[in-house]
Each structure stands twice: as structure tokens, then as C-alpha cells.
Protein chains: 2
Amino acid sequence: MPERSGAIRCQRIHCGPVNARTVTLLDVAQAAGVSKSTVSDALQGSGRVAPATRDHVREVAARLGYRPNSAARRLRSARTGAIGLHLPQTATRLDYYMKLAFGAVARAQEEGLDVVLLAPAGGTHGPLASRVDGMLVIDPETGDAAVPALLDAGVPVVTGERYLGPAPDPVGAVVCDNAASLTALLDHVHDRGARRPALLAPADTSAWAAALHTTAENWGRDHALPVARHTVSFAATAREAEEATAALLAADPDIDAVVCAPDGAAPGVLRAATALGRTPGRDLLVASCVDGAATRGSSPAITAVDFRPADYGRVCVELLCDILAGRTGPETVRRHGWTLETRASTLGTD
Amino acid sequence: MPERSGAIRCQRIHCGPVNARTVTLLDVAQAAGVSKSTVSDALQGSGRVAPATRDHVREVAARLGYRPNSAARRLRSARTGAIGLHLPQTATRLDYYMKLAFGAVARAQEEGLDVVLLAPAGGTHGPLASRVDGMLVIDPETGDAAVPALLDAGVPVVTGERYLGPAPDPVGAVVCDNAASLTALLDHVHDRGARRPALLAPADTSAWAAALHTTAENWGRDHALPVARHTVSFAATAREAEEATAALLAADPDIDAVVCAPDGAAPGVLRAATALGRTPGRDLLVASCVDGAATRGSSPAITAVDFRPADYGRVCVELLCDILAGRTGPETVRRHGWTLETRASTLGTD
DNA sequence: CCGGCTTGCCGGAACGTTCCGGCAAGGCTT
DNA sequence: AAGCCTTGCCGGAACGTTCCGGCAAGCCGG
């Protein structure tokens, strides 16, 4: 295996000063005149170490540039120090997922954990269980073949939104109240005078989409104002929303509000409206189920539900850490808040 | 440390059957009636093992559900089996980066490598060098405080686009010919009749943006057609592009083509044009430096340069792997291709 | 001044793997 | 038939950590 030695040599080349051998606990111990156990204890704050010794050891370690070897640490402590993150392969709401991922990374970092990106295609190359201590599975779709494998990989899993398929193991979940947020959206356009609202949403292959559909139905029943619905793809583009809106308005010209679910697609609703001679915010109210650059940057700006994705990511990591540490049961469900951002597209102020 | 035992217990609970202790090489060896060395060799395909023994061992390992412990493997072989991925914290071109990340993950998986997402904020919690074998630093910006730390973390680094700041170590790079692609874009609008093109681009804090500026200048000089330039933010929204375009057209009504750099912002150019009574594709050509959902889904669809981000991610990983394996020198620079996608916004066909 | 308790430190044994050296057994050449 | 090489397998030593048991030394009450 000449490759391997090559790889190692290459790595060595890059390791700072040429003569730099990786400095271990033992090196620090010798330099500080104590045993490796003491060094370990001093650095970890574990065991019983005299304050003077502790400071001395830490000083020596810093001077030598000691860097703990995470592989050894992981082996010994039976923890990988990493969590997996799975995002929908059909990753629409890109803005959203990206922010969520960064939020998760930030929070994980605070816990000293790495976040490894799991391949959307599934097909894990190795034993997932020995590579991560736990996993985040965000917006698991029933159609996603990778999800079941992830769920019984043998490590605790926290899902962002519930998984609608059969969950083999007890898992934690962080859920958004999608019913409440869509209700708020519909109430809002209703307050602004809309009487025939419509919903553009993906098929109910995710908990999010499913909640949207039932909520629309319930709201329609409660208000005796049936909500027209049109199915778009999970990763709908603005163009797709545009076409859907055109179809919707052609079928029922009385529609006076369009709520668009997929992130980034809502501007298409604006375009369709304008093309048909409507004025968004006046004779056609437009809103989006998920806030993002597209809704904030359009003109008029589009009313949307802000799920604060970065926070969402943080909360997911937090729950996973709590489960890992045994601070809470594995079936814990936590809620994540949202806010309604009302803007010109439903207020008519331009 | 009661937490830790809690964590372990929790992990055990999830490990399939209740009595399931993690099965090691030794367990397989005993079950197969051979030594652990033989098991290791049989499974890895290393050393000398009789085919019959090899098959037998593999069969036993599979039956017992043996899963190699990656921490042990990493410790022993001095490789972490993971690469880091750093994306610009000001992550515009989200669509782009997301696709790139997924491409990288897919390719890394083929090599048996994990991809760990590096915190944009820097502030690594541990020794980077012992957590990853190498790193991908995508579109490093000079303003990003995290980048220098990453570059001399002691592991090989491949950058996506060059780093303009002082690079402490020799690193590999995968670069796009931004000069050529912008030239192609300008040539294209020139061919379509534009004589006063303008460029909306971020300040030159990244190699990409810097290339855009110098290319615009060169092209203008070569064609005796100065390119009007307007600076927008790296993470420009459609609204920002809209305002910039309005300002640009107000200052110089003769402008007949606008090339917008940041991903997702180009639709704003369309809006500004329409608002000013222009017809995109006819009396104002519009193009984007980076293709994505926004350019494809707008109407009219926007001509753009497609960098095939998923491929880009793959190529970066490939180069990093080659460097790690010593198959190529550390200073290797590879080029990544692009294609010009001409669409209605410059063709006038609608 | 002695038994017990606390404090501070240390050795050594894991953790599960890879890999090197070695050693029989058997086949080949001479 | 004696030497040698190859094949197939094995034992053991790392890799760098954490953590448990233990052991001196100091301090106390009695």
C-alpha cells in the first residue's frame, strides 16, 4: 500500500516546522515532569490536581503546542465527537436549509461537536454508528430512501419536523407549528379582506406539506371559505409558481389571495398576478409559507412566515445533545417558534 | 462524570437488540477460528490470506454484523477519514454553494471520506489537524478572518478559487476561468447588439469578484466600450440589484445591457428594467454571472454562466484526495469548466 | 503517637484497529 | 535430499487517550 505511506508523508510535510513530530500527552508529561495521567487530568479538569501543577502543565502544553488527538480520545471515550446532518435531497428552501445548517454547526461547535454532512443519496460508505454520536434528519420525506436507514443506524436521531413514515426507533423531534403558522397567514389575508384564498403547496410527502394541506382544509371549513389548492413540486421554482398561479386564476378569477409554500417560489406568484393585470397587495394578496431572501428582496416584499432557520438548527442540535447526555428522554418533542412578517404584498403599502 | 455514562447508556439503548454489545475484530476472529490479524487482512484485502479463509471470515463478519470502529482505525492509521468544508460566511449564491457541498459529499463518499462542515465563524473548538485529513475552502474572501487559520492548520488545503490574501502554505486550488466566462458574457451581449454594457459586482474581496472587475475593464478597453460598473454586496438580494440597476440606468440611460454577478439577484435587474419601461431581452439585455434557480425560473429566463457547482465540488474533493494520496504535488491548480446558457433575457425570444 | 481520611499524583490497563516480524508447512529447484 | 522461496497465518506491539485503583504524604482527632 504505497498510497498510504505517501499520504502520511504528505501530511507530515504540512505540519508546521519540518521537524515537528506530533506532540503527545507523554511529551507534555516529560517536559512538565509529571505523569501522563496528571497531564490528562490537568488539561481536562478531571481528577485531583493541585492548582499549581495544573497551571504549570497547561503552560507547558501550550508552549509545546500540544493538540489532543481526537481519534485516540474518541476511541477511548467511545464517542465520536460528531453528529450527522441530513438535508432533503430535493433541497429546495435552499436559503432555509443553508441557514439551518450553519446554525446547527454553530451550536454544535459550542458543544465541541463536528457536523458531518450526510450524503443525500443515502448509500453510506461505512458504519454510521461509529462515525457519529447522533444525527439530525431535517424535513424527512417519505419518499427519501435514505431516511429509514438513518433512523435505525443505531444512534439517537433528532428529526426536524416529524417523519411520516414508520419510525423504527424512538427519536427526538423539533417541530414547528405549521398549522398555526398557516392559520395565521390565512387569518391575516382574511383580515385584509381576502375571501377566496388559494394555496400552492407540494404533495404531502413531508410533515410540513401534510400539515399545510389539512390546515387549509380545516381553515376553509371553519370559515366556510374553501381554500383552493394547487400542487407544486417540493423544489418549486418561481416559474413553476407562476404557472400554477396563472392556472389557478384562470380556473377561478375570484381568487383574491395566494399563499405559496415553497421558499423562493413566491416571486413567481407576483409575476403571474402582474401579467394578468392584478396588483399584488391590492386586488391579489400574496404570501409565502417560508421567509427568505426571495420574499424579502422581491417587490413588493412578500408577507411570509419566518421560521428563523439558524435558530431552528441550533435547537435541533441542542435537543440531540440533551438526548445524548441523558438529560432528556429519547422521545422528546420540542417546539420551535415562528413569526409572521407582514409586508407590502398583503398590506398594499408599497 | 455522570453525564458520560448516561450518554453511553443512551447509545446502547439504541443499538439494535438489547443485548447487542459492539462486535469487534476479536469477536469475529474467535467465531471464525482465526486470529484478529487474519480477520483484519481478510476484510481489508491486505496481507496474504487464502481465498477460502477470506470468504469464510467475511461471511462470519457479516453474520455477526461486524462494524469496524472508525475511531480505532483512525487512531491506528493516523488518518481521520474526514475532510473539512468551509463556505463563505456571507453565503450568497446559496443555491450554488449548496449544490457544491452536495457534490463534494457525493465524491467524498466514493473515497470513503466524511465531510465535516466547518463553522463560518472560525473559532474552531479543537485541533483541526486531528479532525480532518484535509480541507476545502470555497471562495475564500480576504475579509474572512477564519481563512488564514484554516490555511495553516497543518493539513493540505484545496481552495475553490484562489485566495487573494497571503497564503502561508502551498495549497491546491480549483479555479474557474472567470475572465473567460465574463468575456463570453460580454461578447454575447455585444453580439446581440449591446454597446453600453454595465456590470453589477461585489467589491473585489474574492478572486471571483476581482477577476470580474479586471475583466470588465480589459474588455471595455479592447472594445473601446467602457463597461459601467456598480458595486453591490457579495450577498446581494434581488432588491439590491433592482436599486443598483435603477441607479445605473438613471445615471446613464444609454446602458443597454446589465450583467449581474451575485446569484439570485438578477431578477431584480429585470424588475428595475420593467419599472423603467424597458423590455428585458429587447432594449435591455440582462445576464447573470452565475446560473441557478433564480435565473432559470425568472421570466424571461436569464442568460447565465453555469459553473455546474455540484461538479465543482466533486473536482475539489478529487484534487484534495490526489494531494492526500501523494498522486500530485501540493501546489497543483486545476481548472473547472463552465458553459454559457443563453436565454430569453438576451435573445429577445420570449 | 497512631488510625483513618483527604489530597496529589502515578502506573497500568483498556479502547479496537493496523501492521510488522516471524514461523511453520509445503513446493520448488538443484 | 537438502536448501530456499513462497504461502498462509499468527502474536504482539503500537497509536494516544481516559480512567480506575493504588500509594505515599500530610493533616486531623483521639
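The analysis underlying the following values was restricted to heavy atoms, covering all of them including side chains, and did not include hydrogens, waters or symmetry mates. Quick note on labels: first sequence line is chain A, next is B, and so on, each numbered from 1.
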Original post:
Quick one: B:Arg74 CZ to C:dT17 P, roughly how many Å, whole number?
Top reply: 13 Å

**OP:** Could you go through the side-chain contact (heavy atoms from CB on, under 4.5 Å) check for A:Asp322 and A:Thr332 one step at a time?
**Re:** CA-CA 10 Å; A:Asp322 284 349; A:Thr332 308; over 6 Å; no

**OP:** Let me know, please, whether A:Ala71 or B:Arg54 comes out on the 5' side of the other along DNA chain D by nearest nucleotide.
**Re:** B:Arg54

Original post:
CG of B:Asp139 to OH of B:Tyr312: how many Å apart, nearest 0.5 Å?
Top reply: 6.5 Å

Subject >> Near-strand residues of residues 28-36 of chain A, defined as heavy-atom separation under 4.0 angstrom from DNA chain C >> reply: A:Gly33, A:Val34, A:Ser35, A:Lys36

Anything under 3.5 Å between a donor and an acceptor, one on a side chain of residues 51-58 of chain A, the other on a protein residue two or more places apart or in another chain? List them.
| residue | atom | partner | partner atom | Å |
| --- | --- | --- | --- | --- |
| A:Arg58 | NE | A:Ala42 | O | 3.1 |
| A:Arg58 | NH2 | A:Ala42 | O | 3.0 |

Subject >> Donor-acceptor under 3.5 Å (B:Asp133 side chain, B:Ile83 main chain) >> reply: no

Original post:
Would a distance-only check, ignoring hydrogens and angles, find a side-chain to backbone donor-acceptor pair under 3.5 Å from B:Ser206 to B:Glu141?
Top reply: no

Original post:
What's the CD-P distance between B:Gln44 and C:dT17, to the nearest Å?
Top reply: 10 Å

Subject >> Length of the line joining B:Leu26:CG and C:dG16:P, which is rounded to integer Å >> reply: 9 Å

**OP:** May I have the distance from B:Arg131 (atom CZ) to D:dG16 (atom C1'), rounded to whole angstrom?
**Re:** 17 Å

**OP:** Specify the separation, in whole Å, of atom CG of B:Leu75 and atom P of C:dG16.
**Re:** 12 Å

Subject >> B:Leu117 CG to B:Leu87 CG distance, which is reported to the nearest 0.5 Å >> reply: 6.0 Å

Original post:
Expressed in angstrom and rounded to an integer, what is the separation of B:Leu43 atom CG from C:dC19 atom P?
Top reply: 13 Å

Original post:
Crowded around A:Arg314 CZ? As in, over 12 foreign heavy atoms under 6.0 Å?
Top reply: yes

Original post:
Rounded to the Å, how far apart are A:Arg76 CZ and D:dT18 P?
Top reply: 9 Å

Subject >> Length of the CG-P vector between B:Asn69 and D:dT17, whole Å >> reply: 17 Å

**OP:** Output the single nucleotide from D:dC9, D:dG12, C:dT17 whose closest atom is nearest the side chain of B:Ser37.
**Re:** D:dG12

Original post:
For A:Asp27, does its backbone N or O pair with a side-chain atom of A:Tyr66 as donor and acceptor, under 3.5 Å?
Top reply: no

What protein N or O atoms touch nucleotides 5-8 of chain D N or O atoms at under 3.5 angstrom, if any, and at what distances?
| residue | atom | partner | partner atom | Å |
| --- | --- | --- | --- | --- |
| D:dG8 | N7 | B:Arg48 | NE | 3.3 |
| D:dG8 | N7 | B:Arg48 | NH2 | 3.4 |
| D:dG8 | O6 | B:Arg48 | NH2 | 3.0 |

**OP:** Taking only the side-chain nitrogens and oxygens of B:Ser40, find out if one of them lies under 4.0 Å from OP1 or OP2 of C:dT18.
**Re:** yes

Original post:
Do you see a donor-acceptor pair shorter than 3.5 Å between the side chains of B:Thr38 and B:Ser35?
Top reply: yes

